[in-house]
Structures are given as structure tokens and as C-alpha cells.
Amino acid sequence: MPEAAFDRSNARYLQGSSNQGWTPLHAHLHRTLKERQLLVQKQRVLVAVSGGQDSLCLVKLLLDLEPKWGWHLAIAHCNHRWRSDSDANAAYVNQLACNWQIPYYQQTAESVTTSEATARQWRYEALTTIAQQHDYSCIATGHTASDRAETLLYNLMRGSGADGLQALVWKRLLTPAIQLVRPLLGMTRAATGQFCHDAQLQVWDDTTNDDLTYARNRIRQELLPSLHHFNPQVEFALSQTAELLQADVEYLEAQAAALLQQAQHPERLGLDRAVLQNAPLALQRRTARQFLQQALPCAPNFDHIEKLVGLITAPNRSQTDPFPGGAIAHVEANWIWLKHYNDSCG
Ligand SMILES: Nc1ncnc2c1ncn2[C@@H]1O[C@H](COP(=O)(O)OP(=O)(O)OP(=O)(O)O)[C@@H](O)[C@H]1O
């Protein structure tokens, strides 16, 4: 980086508005951000940094691109308090933010959660709260193509349909005013690791990543490496599958919503069988799911949906077993009615 200068903290290269010193990864990210319209010039961006290689790579790349985009970057860290080194981990991320002279915000969990899903939910809520309090319109996370591939494999093995396989989108709204973006979805974990190594960024080693009792870690450490024997680019291939499915799912969901609108009784919980009978099975299933989603107290599973779809062509007076909450669907001539609904999730 011959023309680069150091900023006051001597820790961050200032590159003016030129691209000097950019690696291919910088150029790749710059292009991705523009092409996918993930960020805009001068935006206030809160970067979610765990201290691991992906989020460190993300924040460093964004810092290097900042002069060109004019963003206002800040770091947010969520301390889950679930490891003995959690406080030290948070202090390390705080120190990095100080070195780079950007704002640092932290939320610390009041109680230690054991489930990954609960921890994740708390984390997104904590990040959203920070963004709201400090007026950031965007939260960026360091998810990569490798995370996307792992999520796809994990959901595939749990029997998820296309909806679960679309795994991790590039951007989505967390609130009407705050967008979540994942700028690194086009890069693998190998690339972020190499970048951190080359940039001499010290990565905080999360020891829970080595725990093979977690399915996600097993997929990462055992399954994906074996799949590399079949296709060295398997992460990109799976990630691309997720991308294709995303567009398919979006289209099918919109079609199903339109069909539900036509088939649904205007006042009662009922579906017009004549409208549904001519539709393809894919849409019948999605329409049935959307109908059950609004009628049941819990998310419908595959069996619930299949039972309802079965009634589309079943003889008059056929009925299902009770759904969660106690409701039963039954056929009365052209209509499927859902009755005996109560609020408990059995
Ligand atoms: N403790 C944390 N504090 C701030 N950001 C975090 C923290 N943990 C994870 N993140 C953000 O989330 C990204 C993904 O992390 P990780 O893969 O560990 O989480 P995950 O639980 O699989 O996430 P998701 O549910 O969103 O897939 C990180 O790159 C980082 O941006």
C-alpha cells in the first residue's frame, strides 16, 4: 500500500477516494454492494461483530471502503455471557473499535441462554435496539456463502421444503426503518480467514465452534469437507441453490396468497374446494399452509398441511384429526370448514 497513510490511531489505512491498496476481496465487496444495492452512500451502518473471522473481515473491508462511500460505521457486540471468556471477547471487540476510532455499542444478556435459537433471537433484538437508539438504518452481519451452505444442508436433513432451503437472504427488513444486510454471502469462510491472516487481524477463537455435539459444527467440520471431494466449490454451489430457491419461493408464495384470496370465505374460516381443485399441488399446499398459519395458534407442520390438502378432493363429510389448538377441518359440499378453534397450543 505505497500511498496509504495511517489515521490518528495508527491502526487504519486511509485511502482517500482511490482504490489503492484494495485486494480482490475489497473490489468484490464494492461491486456486490453496488449491484445488490445493499448499502447506499453516506449511510449509517451498524456492523455486528462477534470477534470471529467473518465479522472481523466484514468490518475491516467496510472500513477500507468507507472513504469511497462516506458511510458512518459503528460496531455492535452482543455479550451472551455463555463462555468463561465472553467478557474478554467483548473487551477485545471494544478495543478494536477504539483502535479504529469508531463508535462501539454493547448489549449484555441478563440471563445466560442455553438454546442457540433463543440466543439468536435475543441477539437480533439487541442489535435492533442499538440501531434504533443510535439512529442506524442498517445492520450488517458477516454471514458467508459457507454459512448459507451449512444452513441449507442442516435444513435439508431436517426435511425442510424449498422454504427452509432458501437459507439466509442478502437483505431483509428487521423493522420498517432498519434493514439487515449480509454483504459477505458471496464469499467463503476460507476467503475471510485468508483475509484476516493477510491483514494481521487477530481473530477471537470461539471455543464452542469446536464442540461437535452441535449439529452446525459437525456440518462445518465433517460434512462440508467431505463434500469438497465431490465438488471443491460446493459452498458456492449450495449457496447458489439457496439463491435460486429464494426467487422460486417468493414467486410461489405470491401466487398462493392470490389463490387463498380467491378461495377463502369472506367471513368464516373456510376454503372453496372448487377454486382449489384446479390449482397445481404446489399451490394447493402453500395455500393450505398460509390458511392454517392464520388460523392455528402454532406453525402448521407437513402432516397438518397434507391433511388439509387431502380434503380438497375428499368425499363429502370427510374430516381431519384435531389440529393444534383443537380445530378440526371438515368437508361440507364445496367448502372445507375449520371449527372448534381455541387458543391453546396442544
Ligand atoms: N455475539 C455477537 N455479537 C455481534 N454480532 C454477532 C455475534 N454473534 C454473531 N454475530 C453476527 O452474526 C453473524 C453470524 O454469526 P453466527 O454464524 O455465529 O451466528 P448464527 O447464530 O448462525 O446467526 P444466524 O442465526 O443469523 O444465522 C456474525 O458474522 C456476526 O456478524
Side-chain angles (χ1 to χ4, degrees), residues 29 38 45-63 73-83 85-94 96-97 102-109 112-131 136 138-155 160 164-172 174 179-189 191-193 195-196 201 203-211 214-221 224 235 239 242:
L29 180 63
L38 299 180
V45 183
L46 189 63
V47 190
V49 178
S50 62
Q53 66 178 58
D54 298 334
S55 51
L56 280 190
C57 172
L58 172 67
V59 68
K60 181 66 171 77
L61 284 171
L62 291 178
L63 283 165
L73 297 176
I75 285 180
H77 178 78
C78 305
N79 183 347
H80 292 277
R81 293 174 49 221
W82 58 17
R83 299 192 320 260
D85 65 347
S86 287
D87 290 345
N89 184 163
Y92 173 62
V93 178
N94 189 356
L96 285 175
I102 59 173
Y104 171 81
Y105 305 103
Q106 182 181 320
Q107 289 263 331
T108 303
V112 181
T113 46
T114 44
S115 123
E116 269 189 280
T118 320
R120 181 176 301 136
Q121 195 186 335
W122 172 77
R123 189 162 68 236
Y124 280 111
E125 281 166 12
L127 291 170
T128 306
T129 304
I130 296 172
Y136 289 90
C138 174
I139 297 171
T141 63
H143 290 96
T144 61
S146 310
D147 291 312
R148 215 179 192 187
E150 285 164 14
T151 308
L152 184 141
L153 288 170
Y154 181 67
N155 289 342
S160 154
L165 303 186
Q166 54 176 329
L168 296 179
V169 293
W170 285 91
K171 55 178 172 180
R172 74 177 162 90
L174 289 172
Q179 176 122 277
L180 172 71
V181 298
R182 298 180 167 124
L184 303 190
L185 277 188
M187 300 174 196
T188 61
R189 185 170 299 118
T192 62
F195 178 85
C196 289
L201 280 174
V203 171
W204 193 272
D205 187 23
D206 178 348
T207 45
T208 59
N209 285 340
D210 301 328
D211 184 347
Y214 292 110
R216 288 298 290 261
N217 293 344
R218 263 219 141 91
I219 293 173
R220 180 177 301 172
Q221 293 187 30
L224 269 175
E235 278 137 300
S239 186

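Counting starts at 1 for both ligands and their atoms, in listed order.
Shown in contact with A76 at under 4.0 Å from a heavy atom are these atoms of ligand 1, numbered in order with element: 4 (C). Proximity to Y124 (heavy-atom distance under 4.0 Å) selects the following atoms of ligand 1: 24 (P), 26 (O).
For ligand 1, the polar-atom distance check finds an N/O of H143 within less than 3.5 Å of one of the ligand's N/O atoms. Taking any N or O of C78, backbone or side chain, at least one lies under 3.5 Å from an N or O belonging to ligand 1.
Counting non-hydrogen atoms of other residues, nucleotides and ligands closer than 6.0 Å to OH of Y154 gives a total of 12 or fewer.
The heavy atom nearest to atom 17 (O) of ligand 1, considering only T144, D147, V93, is found in D147.
Note: H77 and Y104 have parallel aromatic rings, judged against thresholds of 30 and 60 degrees for the angle between ring planes.
Side chain of Q53 to main chain of R189: a donor-acceptor pair is present (N/O by atom type, distance under 3.5 Å, no hydrogens or angles). Judged by distance alone, the side chain of Q179 and the main-chain N or O of L38 form no donor-acceptor pair under 3.5 Å. Here the side chain of N217 pairs a donor or acceptor atom with the backbone of T208 at under 3.5 angstrom.
Heavy atoms of R123 found under 4.0 angstrom from ligand 1 belong exclusively to the side chain. By the criterion of a heavy-atom distance under 4.0 Å, neither the backbone nor the side chain of L127 is placed next to ligand 1.
Atom 4 (C) of ligand 1 has its closest protein heavy atom at V49 O, 3.4 Å. Regarding atom 28 (C) of ligand 1, its nearest protein heavy-atom neighbour is G142 N, 3.9 Å. In this structure, atom 22 (O) of ligand 1 lies nearest to the protein heavy atom R120 NH2, 4.0 Å. Among all non-hydrogen protein atoms, the one lying nearest atom 31 (O) of ligand 1 is A48 O, 2.6 Å.
Evaluation of the side-chain contact (heavy atoms from CB on, under 4.5 Å) rule for S239 yields A145, R148 as partners, not counting sequence neighbours.
Between atom CG of residue N89 and atom CG of residue D205 there is a gap of 10.0 Å, rounded to the nearest 0.5 Å.
In the model, R120 has no side-chain atom that pairs as donor or acceptor with a side-chain atom of S115 under 3.5 Å.
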